[in-house]
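Take a look at the structure set out below.
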Amino acid sequence: MAHSDHDNPALGHHWESFEQQHQGNVMGMWLFLSTEIMLFSGMFLAYFIFRMLYPDMFTAANHFQNVFLGTVNTAVLIMSSVTMVLAVRSAQVGNNRLLRIFLLATAFLGLVFLGIKAYEYYEHWHEGLVPGLHWTNAELIADEAKGIFKGSAQIYFFMYFVMTIIHALHMTVGLGIVLTLWWRARDGRFLKEGFDPIELIGLYWHFVDVVWVFLFPLLYLLGKQG
Amino acid sequence: MAHIVPVRTYLMVGLALILLTAITVAVAYVDLGPLNEVVALAVAAIKATLIVLIFMNARYAKGPTKLFIFMGLIMMAIFMVFTMDDYMTRQWTLFTQP
Amino acid sequence: MAVPTLALPQKKNYINAGSGLKSWLLTTDHKRIAILYLISISIMFLLGGLMAALIRMELLTPAADLMGSDDYNRLFTSHGVVMIFGFLIPSIPAVLGNFLIPLMIGAKDLAFPRVNLLSWYIYMVAGVMVLWVLFNGGLDTGWTFYTPYSSSVSTSEVLPTTLAVFIMGFSSILTGLNFIVTIHTMRAPGMTWFRMPLFLWSMYATSLIMLLGTPVLGITMLLLFAERVFGVGIFDPALGGDPLLFQHFFWFYSHPAVYIMILPSMGVISEVIAAFTRKRIFGYRFVAFSSIAIAIFGFLVWAHHMFVAGMSIHAALIFSLLSYLVAIPSAIKVFNWSATLYKGSIQFSTPMLYAMGFLGLFTIGGLTGLFLSALALDVHVTDTYFVVAHFHFIMVGGAVMGYLAGLHFWWPKITGRMYSETWAKLAALITFIGFNVTFFPQFIVGFLGMPRRYHTYAPEFQVLNILSTAGASILAVGMILPIFYLTSSLWSGKRAGKNPWGAAGLEWETESPPPQFNFDETPVVTVGAYNYGPVEDKIG
């Protein structure tokens with residue numbers, strides 16, 4: 001087995017076997033994801049600290065979030081994770097047609113997510129909730145001036161935009177890769193040469209989903225009970 | 001090498017995730033005091049665990065990869081706990097009369 | 001993409017395997033990428049050194065002679081940014097690590113060769129941005145970018161520099177990731193964890209820090225960038241933010257980054273001391289695990305840079321206590337190296353001279369670190385030349401000495417040529433003397449209260465500053481000499497042969513310079529590292 005592996009161009013010259021290559025690839029992706037955890041942990045930490053310092057401001061600012069769109073988006077992202085995992089499974093069982101269908105479905109759902117997100121940003125702009133660029137929201141500015149809450153509501157939206165834009169950038173990169181793999185899969189190469197790329201993008205896609213799973217309650221839900 | 005999981009499992013997990021999302025949204029409108037934050041984060045943690053274990057196949061991970069899955073979380077905990085310690089104790093003044 | 005796996009003709013090596021600039025710029029060979037890094041970081045080192053020379057010249061007299069405070073701020077900031085991000089962080093990992101890791105474990109390449117090349121390109125993009133900043137106004141915030149000065153006040157080039165540091169981080173992350181996967185999955189048959197050379201243990205520990213620390217620096221730079229661009233944010237108190245948060249974020253990476261710089265040197269020193277005492281490193285496992293311990297403890301001490309910044313006393317006490325912990329694994333290493341020297345057949349070749357220098361200077365640097373982790377004493381010496389002297393003992397006396405030891409030790413392997421031993425020994429000696437004369441007076445002048453980061457100072461400090469500047473000019477000679485004798489060795493050096501030092505290790509079993517795929521056949525390992533003479537392999 002190990003001897004014939006090197007006839008296959010999908011095996012890098014420096015690896016001894018497909019198994020070794022696969023092990024290295026998966027380990028590399030998990031290590032990369034642990035760096036992503038650290039990247040996001042900085043933002044989450046800043047969020048927690050300012051929430052602790054200015055709880056009333058967070059509640060007031062949170063009032064402007066559209067929970068309905070956020071919930072729909074969460075559902076869309078979960079469904080895209082399901083189609084992604086089914087794409088990986090299709091590759092495992094050797095069904096190229098289903099692999100391509102599920103990849104396309106994943107990309108479509110990802111696009112829907114980004115579309116809804118863009119619409120939300122548009123709404124925020126309309127309501128004057130973009131810190132620095134378009135901060136004209138009369139209610140928040142008045143409440144802040146009256147001292148109804150401590151701290152500047154711009155901080156909440158600053159954190160909101162930084163976190164969701166970086167998340168959306170991750171989505172966009174993932175979307176690009178999913179589409180590329182969908183295109184490359186048309187000749188069934190992943191069934192012949194191994195499907196490490198499909199598996200790795202799957203891991204990445206689910207990770208981005210996990211980040212959203214935490215962003216959603218923190219940015220949309222907390223503060224609604226009042 | 002590859003573990004082939006039945007389609008049903010994936011669909012059930014997907015359904016569970018949607019249900020948990022519905023629960024967390026519903027609970028958010030009930031005033032539980034500080035428990036609101038706890039519930040929101042706990043539900044998110046359950047959802048994340050489901051995704052990591054089942055969708056990302058972490059339960060089949062071996063040796064070092066298993067370690068690396070936890071490594072990021074441990075580092076995140078260190079980062080957050082130690083920084084928070086500073087913020088939560090800034091108001092304390094040591095060695096002063098009550 | 002895939003390098004053709006043709007049977008190699010004899011005497012082909014990685015250097016003559018392909019010719020032309022393109023074959024270098026598009027290579028995925030870890031050895032060639034190491035050379036690319038060697039050239040780029042040497043340029044950075046020379047630039048940073050030039051700035052150090054200017055700083056020392058300005059400080060020759062108490063008055064402002066060469067420049068005003070604005071230029072001086074830009075000067076020491078650039079010195080810091082170039083030396084830390086451009087030279088020290090990549091130095092040993094990207095050059096020696098890249099070259100040696102696959103050789104030492106008996107692999108053909110790193111796990112992800114194209115990612116490896118990508119990390120060099122990322123480094124170059126960021127490096128060019130840093131150079132652009134240098135020639136277009138510079139940066140005056142100090143390499144620490146403290147807010148709110150950097151976010152709201154400074155008019156210098158904060159944005160491109162933060163962006164460059166952000167980009168450079170990716171290079172570091174990708175290198176670390178590559179190393180960890182390689183060490184885990186690509187070891188040759190028989191190369192168990194406890195048969196690995198200690199250099200690999202230290203590279204592994206370094207990679208962990210690169211991987212887990214660098215993303216936090218990335219997000220810090222990104223938040224600072226956004227704050228500066230939009231005038232809204234979380235670090236400037238005028239905007240409702242907290243400047244201490246920036247310091248927490250920044251030091252969460254930048255303190256462990258110190259260990260990114262020193263751990264690889266420790267690995268080099270283990271190799272060099274074993275080779276030139278003809279002995280197995282005493283307490284191999286302790287030295288191996290102390291590398292991992294340094295990586296872990298390194299993440300628990302960051303706020304000792306913030307004792308006087310207004311942090312809570314509770315947190316300061318905890319961080320002070322934890323800071324002492326780092327001394328334990330560091331001391332374990334120093335003791336074990338010293339014990340290795342005992343009854344060894346010591347041979348004072350150039351790498352060994354640097355290693356001996358390292359031992360002494362690192363010990364002084366480490367012990368003065370304990371002064372600084374003492375909460376009360378730190379309040380007295382914070383932001384004085386005592387701190388400057390401390391970290392230069394670690395960074396130059398430790399990291400750079402280790403880098404030079406490694407470069408001289410593996411130079412014959414990298415190039416296939418021997419350098420002039422006489423010149424090299426002379427340079428090592430000059431470096432050691434120059435270094436001590438430069439930085440030892442700074443301990444004293446710092447303890448007497450001379451603050452860092454000012455271009456003028458009180459006249460009573462002048463004698464010690466003159467001494468320091470004089471030392472710097474000696475040090476400069478020691479740093480410039482290697483450029484000449486190492487370069488000339490490429491043409492006139494005598495051929496090195498496989499193993500000029502008679503050292504143990506897989507890298508010495510292949511040709512010098514190594515063939516394109518390192519080994520003609522995958523080696524099989526049967527003995528532990530440092531299998532010198534009658535010492536038995538106890539690991540089995």
Side-chain angles (χ1 to χ4, degrees), chain A residues 18-19 22-23 26-27 29-31 33-38 40-42 44-46 48-49 51-53 67-68 70-71 74-75 77-79 81-86 88-93 195 199 202-203 205-207 209-211 213-218 220-226, chain B residues 1-7 9-11 13-15 17-18 20-22 24-25 27-33 36-37 39-41 43-52 54-58 61-73 75-77 79-80 83-84 86-88:
Chain A
F18 270 114
E19 199 188 331
H22 177 256
Q23 194 196 353
V26 171
M27 188 185 288
M29 184 45 94
W30 277 105
L31 282 170
L33 295 183
S34 68
T35 72
E36 292 277 30
I37 292 179
M38 294 313 291
F40 280 100
S41 75
F44 279 109
L45 178 57
F48 285 133
I49 284 171
R51 197 182 164 76
M52 189 173 78
L53 294 177
V67 177
F68 174 71
T71 312
T74 310
L77 209 52
I78 287 171
M79 284 192 284
S81 253
V82 174
T83 55
M84 188 72 236
V85 84
L86 290 174
V88 175
R89 191 182 180 280
S90 308
Q92 284 176 335
V93 300
F195 49 85
E199 212 178 326
L203 288 175
W205 192 269
H206 297 311
F207 174 81
D209 192 5
V210 167
V211 172
V213 159
F214 284 96
L215 286 179
F216 171 61
L218 291 179
Y220 288 82
L221 297 180
L222 291 182
K224 282 286 179 271
Q225 71 274 21
Chain B
M1 184 163 75
H3 294 268
I4 296 173
V5 178
V7 176
T9 311
Y10 288 143
L11 293 179
V13 171
L15 199 64
L17 290 172
I18 301 267
L20 284 167
T21 308
T24 189
V25 173
V27 171
Y29 287 93
V30 185
D31 192 355
L32 300 171
N36 274 101
E37 301 185 9
V39 171
L41 284 174
V43 173
I46 295 171
K47 284 162 77 179
T49 313
L50 278 175
I51 296 174
V52 172
I54 312 229
F55 285 175
M56 297 170 86
N57 271 323
K62 288 194 203 72
T65 306
K66 201 172 241 168
L67 179 75
F68 295 147
I69 295 171
F70 284 104
M71 193 169 68
L73 295 177
M75 290 313 300
M76 179 171 78
F79 184 28
M80 290 193 169
T83 309
M84 275 297 188
D86 172 25
Y87 281 86
M88 297 175 87

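For clarity, every value in this text was computed on a predicted model and none was experimentally measured.
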### Task
Could you tell me which non-hydrogen atom of Val213(A) sits nearest to which non-hydrogen atom of Ala48(B), and how far apart they are?
CG1-N, 4.2 Å
### Query
Hey, what do you get for OG1 (Thr74(A)) to CG (Leu17(B)), rounding to the nearest 0.5 Å?
11.0 Å
### Message
Which atoms of Ile51(B) are under 4.5 Å from chain A, going by heavy atoms: the side chain, the backbone, both sets, or neither?
### Response
side chain
### Query
Quick one: CE on Met84(A) to CE on Met56(B), what's the gap to the nearest 0.5 Å?
11.5 Å
### Query
Which of the residues Asn36(B), Leu73(B), Leu32(B), Val5(B) is involved in the greatest number of heavy-atom pairs with chain A at under 4.5 angstrom?
Asn36(B)
### Heavy-atom contact with chain A under 4.5 Å, split by part of Val43(B)
neither
### Task
Name the member of Thr24(B), Val30(B), Val7(B) that forms the most heavy-atom pairs with chain A at distances under 4.5 Å.
Val7(B)
### Query
If every non-hydrogen atom of Val82(A) is compared with every non-hydrogen atom of Gly14(B), which pair is closest and at what distance?
CG2-CA, 3.7 Å
#### Entry: Heavy-atom pairs under 4.5 Å with chain A, option from Thr65(B), Val27(B), Leu50(B) with the top count
Thr65(B)
## Note on the structure
When rounded to the nearest 0.5 Å, the distance separating NZ of Lys224(A) from CG of Asp31(B) is 13.5 Å
### Message
Quick check on Met38(A) against chain B: is it the side chain, the backbone, both or neither that has a heavy atom closer than 4.5 Å?
### Response
side chain
### Task
Under 4.5 Å heavy-atom distance to chain B, tell me which part of Leu222(A) shows up: side chain, backbone, both or neither.
side chain
### Message
Can you give me the closest heavy-atom contact between Ala40(B) and Pro217(A), atom names plus distance?
### Response
CB-CB, 3.9 Å
### Task
Using the test side-chain hydrogen bond (donor to acceptor under 3.5 Å, both in side chains), find all partners of Thr21(B) that sit at least two apart in sequence or belong to another chain.
Lys47(B)
### Summary
Under 4.5 Å to a heavy atom of chain A? For Val25(B) that would be both
### Query
Non-hydrogen atoms of chain A under 4.5 Å away: do they reach the side chain of Thr83(B), the backbone, both or neither?
side chain
### Task
Give, for atom CG of Asn57(B) and atom CD of Gln92(A), the distance between the pair rounded to the nearest 0.5 Å.
7.0 Å
### Query
Can you find a pair of side-chain heavy atoms, one from Met52(A) and one from Met88(B), that are under 4.5 Å apart?
yes
### Message
Could you measure the distance from the CZ atom of Arg89(A) to the OH atom of Tyr10(B)? Nearest 0.5 Å is fine.
### Response
7.5 Å
### Query
Highest number of heavy-atom pairs under 4.5 Å with chain B: which of Leu45(A), Val210(A), Leu31(A), Val67(A)?
Leu45(A)
## Note on the structure
Rounded to the nearest 0.5 Å, the CE atom of Met71(B) sits from the CD1 atom of Ile37(A) at a distance of 9.0 Å
### Minimum side-chain heavy-atom gap Leu41(B)-Phe214(A) below 4.5 Å
yes
### Under 4.5 Å from any heavy atom of chain B - which part of Ser81(A)
both
### Query
Quick one: ring pair (Phe, Tyr, Trp, His ring centres under 6.0 Å) partners of Phe216(A), sequence neighbours excluded?
Tyr220(A)
